[in-house]
**Q** 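The structure's right below; bear with me while I get my questions together.
Labels below follow one simple rule: chain letters A, B, ... track the order of the sequence lines, proteins then strands, and each chain is numbered from 1.
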Amino acid sequence: MAQLTQAIALGLLIGGVYALMASGLTLIFGVMHIINVAQGAFLVLMAMVTWWLWHETGIDPILASVITTPLMFAFGWVAYRLLISRVRGSSPSMSILLTFGFAMVIEGVLNVTAGNKFKSATPSYFEESFRVGSISLPKAQVFGFLAAMGILGVLFFVLTRTWTGRAIRAATQNPSGAALVGVGASGTAALAFAIGSATTGVGGSILSVLYPFFPASHYDWISRLLGIVVLGGMGSLPGALIGAGILGLAETLTATYGSLSWSTLVFYIVIMVVLLVRPQGLFGARLREDVT
Amino acid sequence: MTASPPWQSQISTGSALTRVRRRGRTRRIVAVAVAAAMALAACGQRPSESSGSDTGKPIVIGASLPLTGDFAQPGGEAKRGYEVWQNMVNAKGGVLGRQVQLKITDDASSQDTVVADYTKLITQDKVDLLLGTFSSLLNYAASSVAEKNRMVFVEPAGGATNMFTRGFKYLFFAQPASAPHQADVFVDWVKSLPEAERPKTAAYPIQDDPFTKPVIQTMQKDLEALGVRTVYSSLYPADTTNFQTIAGTLAGKKPDLIAQGAVFEDGVGLVRSLKQLNYSPKALFQTSAPSNAGQYSDGVGVANTEGVFYTVSWHQDATTPLNSEFVAAYKKAYNADPAEDAADAFAAAQVVQAAVEKVGAIDQDKIRDWLHSNTVQTILGPLSWKATGEPNGKFLLAQWQSGKAQVVAPAEVATSKNIINPKPAWK
Amino acid sequence: MNRLRALPRAHLIAGLCLVALLMYPVVNPWEPYPQAVLLLGFLLAIQASSWNIISGYGGYTSLGHSMFLGLGSYTAGILALRWGVNPLWVAPLGGVTALVIAVLIGSVVLRTRGHAFVIITIAMLLAAQIIATNFQSLTQGSDGITLELPFWGRDFQNIPFYYIFLSLLVLTVLFSAWLRRTKFGAGLVAIREDEGKAASIGVNTTRFKIVAYAASAFMIGTAGGVYAYYLTFINPIGSFAILGSVLIVLATLTGGRGTLYGPVIGAFIVNLVSEAATVYGGGSQSRVLIFGLALMLVVLFLPKGILPTVEAWCRRRHPAEVEYTDQAGALNRGPVTTRERPLPEVVAAGVADEGARRPGSGDDPPLLDVRGVSKRFGGLTAVDGADLTVRQGTITALIGPNGSGKTTLFNLITGGMAADSGEIWFDGRRIDGMRPWKRGHLGLGRTYQVTRLFKEMTVQQNVVAPLPDSRWRTMLSDAVHGHEADRARELLDIVGLGRMADQPAGSLSFGQQKLVELAQVLMLQPKLILLDEPAGGVNPSLLGRLTEVIRELNAAGVTFLIVEHNIPLVLELCDPVVVFSHGAPIAEGPPERIQADPVVLDAYLGDDWRPAATDPPAHHSPGTATGEVVR
């Protein structure tokens, strides 16, 4: 029983972090129907920056997100203006391939500058755990979870309570209608891309503490995040939350009661079963057939 | 969709005039194609006709290494090891009185490329001798090219079990033991303990990796034969980054010994997670990971390295012939401590050198025969081989003591006489 | 004749290259290294050409296509070990495995449109790797499988592989060329261009996509078996590497996605560049960087790929050639008017069993029966419990103000959308649960208010693409020559656009596009055609031709349901007329009666304004009636 509680608690903590990481991806998809395959590379890039900051200045890696988040916001904005906006008109697969190339470039640059080695930030509290009854919760995991939830809360607030957020959501639901009431499609898209990228600032900072990483790690991350987004329903923020929780639980439960080797596969099987029943994912809106 | 329609090339564009023009163009194309084919056609020598090596020229030794990609780290170290050897040998007058020239290409950790590279080295560049590449993944493919072309293939890495079941005759693994026997020396140590001090229970978390898996699996079998009860044995995938669940399970089972088949980051990750849960086993054995000196102690914290066991093919302070020269030359050239991979590469080159010098000529079959029936002294210690190319020796048992890795067994090469047992708790 | 001789230019060059490649090992047999480089080029070209079938023709990008190479390798490797046979003999079974897995994955993921596919293909590649690693009893896990060395002498080491891969490449290209000449190939491009529209012209999009995915897997799987023998070693990491998939994509994009030879050209470029980087690059850490940059540059600056770009450039340099062709085509066929040509049997065939009926007789049996159908979009009820009956042989008009739900009703009838409630019956069968193409096969066709032709296809291809039934024979029939192509020609002649057959559909005027769309629908051999504002934006001379065609078809037994704002046209052409307002019919009857019905005037002009107007309301004149709001 304690084992089960432990697995579930850990799974939810892990899932919370995944949720933050996937939220940016699903937001970007929701607004502009672009799958940003470079999202994983953004994460690893920011993890590397966080690691470097921590290594050089000793700043707490999770607190370093105060720096990485605005950095990523700016990076996302520039990346959108310089790259992504160029393929918006063409087919969706071109944007996938462009961001895929972008991910490889980031990986290559990290390879050259930071070397092909595993890194991991280890702040002082890294080895400590909170004990709640029979279960123990690693402090780093708890802090990471709290940071993730905090940022998700802010994101939710921005999207529901501010004009900017409403504009973004309007653009998600009805681009032409949004344009009519003065929400510029291009500006909104750039903003959404920048916000979506900014989540990887925090995400990367958390990642640097929780997981060892190296330049090619981004493939692992992007496939995980894409899995979450497909499972939850593409473009749906609640879907990303649920999908992330399911992945976290699938990982810890499979590892506890089976073998860790199968945990990723179990998650993919869950995805396929869900797609079999609900092709649009758990929370996805059915693609409305074009209406003239 | 920006792509053009598939039948675009089929849109008819014919006129009498253009057809005439096209015929001219066609003729030009034919000419270019033929010329290109001819240009590619180099001298025609059958691969089986080995050219008599020109004794005045340097001996060219070819190798393809993963300088980029997944195996870039060991590949880069191997390159350094080969180069240190080359410089040392050339400084002493070369091999058979000829200078040695390395021809190293980058295979980018890709099987396709490694095959093409070795094919090129053998058939196009016509190198005199070959050295192996890094990781079994690449050596499987590379060694078959060498075998096909009947070239002696001394590999500095690639001790996976299957390597030696293929009946290759030109393959030699230049480390003291193949993967399944790399932990023998640890088992020997456990055996040497008084019954009461031996671990009663053991847990075996193993990365699913062709090198680490056989090491731990053999160890598990041997220890079970000694009466050590297995309470946990499970593979985890190579990309596992989160060890909290494994650590949690291990903490629940409370084994005396944890023997982890670790590559590197997973070794660090498990120690950290165990520490988080504050479970410290009486003995901790990890493959490979603890041998990455600085990185490992940085990763887990110097204090926490105390008492961790691992086995290794080579140690910096070993008293084997030429070892101190190798370490000094490496430090001088690269301003860093040599890694095990560099030493293994150096040893592989030593094996080739010894055989060529003893045979007195570059004759692949004679070199092969000589290696099969003789022992070579290397910086790893003496190496000799079974007919399959599998080495006969044993690894060194090393242990972290006071922030430094020491060889603790076998006794004759040990750098530290005392063995920490049991391991102290985490700091 | 002209066409035959003109066609082979690209094929001629390809043939010459093939001859050169066939000769190469004969000329230069003892050089295994260039052979190895070339044969890896063949392998990449096989994969790129295959990938092109689903992702180039069909437009569904797969980012995990190297999975099939791994599947083929593993199948051949495992069977070779179990049965003790040479991996070469079981290589085709690798293709079979790839095919089966593709069908399984495709049946789950390709049922819907959109982005899930690309993501799942990556996930499946990784899943395959996990399975290969963990299913130890079958795959020997991460240790991998070692195979015996080739049985032939070392002198010939790479030559057999060279010829095997070359033959597989030739087969793949021939297969790809054949596919795209069939209606299946046309349907795939149609899916790429406009999937919803493709479904409405009888293209079973689900089946097409799954078949395309499977077709793109088979050759790669077979090549994978050979490749395993070439490497003599397979393991999970090498066999299911994502970089392999990237190379496939990069190669096809570079060469020209959706073209026949583009992927092959691209594969050779990518392969040679990457080999040159290996040999001359000197071990830099930047390989990933280079491939990444190359991919980005190609996407940004060469999105169509080299081949189409070069072709476009050539066409700009020699514009005369194209003009000449057009002229030749025009001279061969000459202008055709509908009036001078009788309705060909091919059109009548679909309705022959119904017998030709005279239009307008009110007690004809109902062909289409809409019963209490509703459709809501959020708070807006677009169609509100509508009942509508279209009787056999009539030309029924559906009129009503903008936003009254007419187009939505069309979408519900043809299956573009699902109704929230109600039943739709067609020709004695309930169809509201059927997929759009199934309704098309039953004889239900439609055109769109704003035409939805496949703009990158030629006019002829647009017309040849529809499928009147679900038979595999129809699907795989030749779309370039033969019966189907002839029929398309005849239909184009009927609407008077035969000479435009080889023009890209996007270059036609709006009115011409409307006529082509009608011809397209006729290819379905429809019993009922729904026309959505056929007259909107069409110039008077074309409008005359359009009404002629409608009358002739109706005379041959085809029933029409027409949404139209051009009231004089409606009154002249249609009987009965149904008036729609606020999502439901409010009046029905012969044109004369409708014209005088005050309810209708109310619906059109609102309650406040009630003059004794006899003219139709001006703001519904053709051309201004655009953008009906349905949401």
Side-chain angles (χ1 to χ4, degrees), chain A residues 29 33 35 37 83 86-87 90-109 111-112 115-116 174 176-177 215-216 219-220 222-223 226-227 229-230 234 259 261-265 267-269 271-273 275-276 279-281 284 286-292, chain C residues 55 59-61 63 105 108-109 111-116 118-120 122-124 126-127 130-131 133-134 192 194 196-197 199 242 246 249-250 253 284-300 303 377 407-408 411 415-417 436 448-450 452 532 628 630-631:
Chain A
F29 179 81
H33 284 249
I35 298 172
V37 185
L83 297 172
R86 288 166 184 270
V87 292
S90 51
S91 78
S93 62
M94 293 314 255
S95 62
I96 291 173
L97 298 172
L98 181 70
T99 52
F100 201 110
F102 195 29
M104 289 172 75
V105 168
I106 293 176
E107 180 193 347
V109 168
N111 255 332
V112 174
N116 201 6
N174 188 346
S176 47
Y219 295 115
D220 289 343
I222 194 60
S223 51
L226 289 174
V229 171
V230 169
M234 304 195 57
S259 153
S261 315
W262 296 101
S263 65
T264 318
L265 197 65
F267 180 59
Y268 289 143
I269 291 170
I271 294 178
M272 291 303 261
V273 170
L275 287 184
L276 207 56
Q280 70 272 36
R286 217 177 227 293
L287 252 178
R288 191 188 293 169
E289 299 278 344
D290 305 16
V291 188
T292 43
Chain C
S55 304
Y60 269 74
T61 303
L63 274 182
I105 296 176
V108 177
V109 189
R111 290 178 307 148
T112 47
R113 292 208 244 161
H115 296 75
V118 61
I119 294 174
I120 292 298
I122 307 179
M124 286 302 110
L126 297 171
I130 297 170
I131 292 171
T133 311
N134 289 306
R192 182 183 78 193
D194 184 345
K197 160 85 186 201
I242 198 153
V246 175
V249 177
L250 184 60
L253 281 188
S284 61
Q285 277 284 353
S286 49
R287 203 182 176 85
V288 186
L289 190 61
I290 291 169
F291 280 133
L293 275 177
L295 189 57
M296 286 177 74
L297 291 176
V298 167
V299 170
L300 287 177
F377 299 114
T407 297
T408 305
N411 286 332
M417 288 175 194
Y448 292 82
Q449 187 180 345
V450 177
R452 284 169 72 176
D532 198 348
E628 188 172 348
V630 232
R631 287 168 209 248

**Q** Who wins among A:Val37, A:Val230, A:Thr99, A:Leu265 for the most heavy-atom pairs under 4.5 Å with chain C?
**A**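 Winner by heavy-atom pair count: A:Leu265.
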**Q** Please report the closest heavy-atom contact between A:Met272 and C:Ile120, naming both atoms and the distance.
**A**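 Minimum heavy-atom contact is SD-CG2, 4.1 Å.
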**Q** If you count heavy-atom pairs within less than 4.5 Å of chain A, which of C:Leu253, C:Ile119, C:Leu295 leads?
**A**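 Greatest number of close heavy-atom pairs with chain A: C:Ile119.
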**Q** In Å and rounded to the nearest 0.5 Å, what is the CG to CZ distance from A:Leu275 to C:Arg111?
**A**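 Interatomic distance, A:Leu275 CG to C:Arg111 CZ, rounded to 0.5 Å: 8.0 Å.
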**Q** Which heavy atom of A:Leu226 sits nearest to which heavy atom of C:Ile122, and what is that distance?
**A**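 Minimum heavy-atom separation between A:Leu226 and C:Ile122: CD1-CD1, 4.1 Å.
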**Q** Which atoms of C:Leu63 come close to chain A, meaning under 4.5 Å heavy atom to heavy atom: side chain ones, backbone ones, both, or neither?
**A**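 Contact with chain A: side chain only.
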**Q** Show the nearest heavy-atom pair for residues A:Met104 and C:Val246, with the distance to one decimal.
**A**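 In this case the closest contact between A:Met104 and C:Val246 is SD-CG1, 3.6 Å.
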**Q** Considering only heavy atoms from C-beta outward, does the side chain of C:Val299 approach that of A:Phe102 to under 4.5 Å?
**A**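 When only atoms from C-beta onward are counted, A:Phe102 and C:Val299 do not touch, as no gap falls below 4.5 Å.
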**Q** Below 4.5 Å, heavy-atom pairs only: which of A:Ile106, A:Leu98, A:Ile35, A:Ile271 has the largest tally toward chain C?
**A**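 Option with the top pair count is A:Leu98.
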**Q** Kindly write out the residues that satisfy side chain to side chain contact (heavy atoms under 4.5 Å, CB included) with A:Ser223, not counting sequence neighbours, or none if the list is empty.
**A**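 Once residues adjacent in sequence are excluded, the partners of A:Ser223 under the side chain to side chain contact (heavy atoms under 4.5 Å, CB included) criterion are A:Tyr268, C:Leu126.
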**Q** Highest number of heavy-atom pairs under 4.5 Å with chain A: which of C:Asn134, C:Val108, C:Ile131?
**A**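 Option with the greatest count: C:Asn134.
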**Q** Out of curiosity, A:Ile96 CD1 to C:Thr61 OG1, how far, rounded to the nearest 0.5 Å?
**A**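 It is 6.0 Å, given to the nearest 0.5 Å.
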**Q** Let me know if C:Leu250 has heavy atoms under 4.5 Å from chain A in its side chain, its backbone, both or neither.
**A**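 Neither part; nothing is under 4.5 Å.
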**Q** How close do A:Val87 and C:Leu300 get, counting heavy atoms only, and between which atoms?
**A**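 Taking every non-hydrogen atom into account, CG1-CD2, 4.2 Å.
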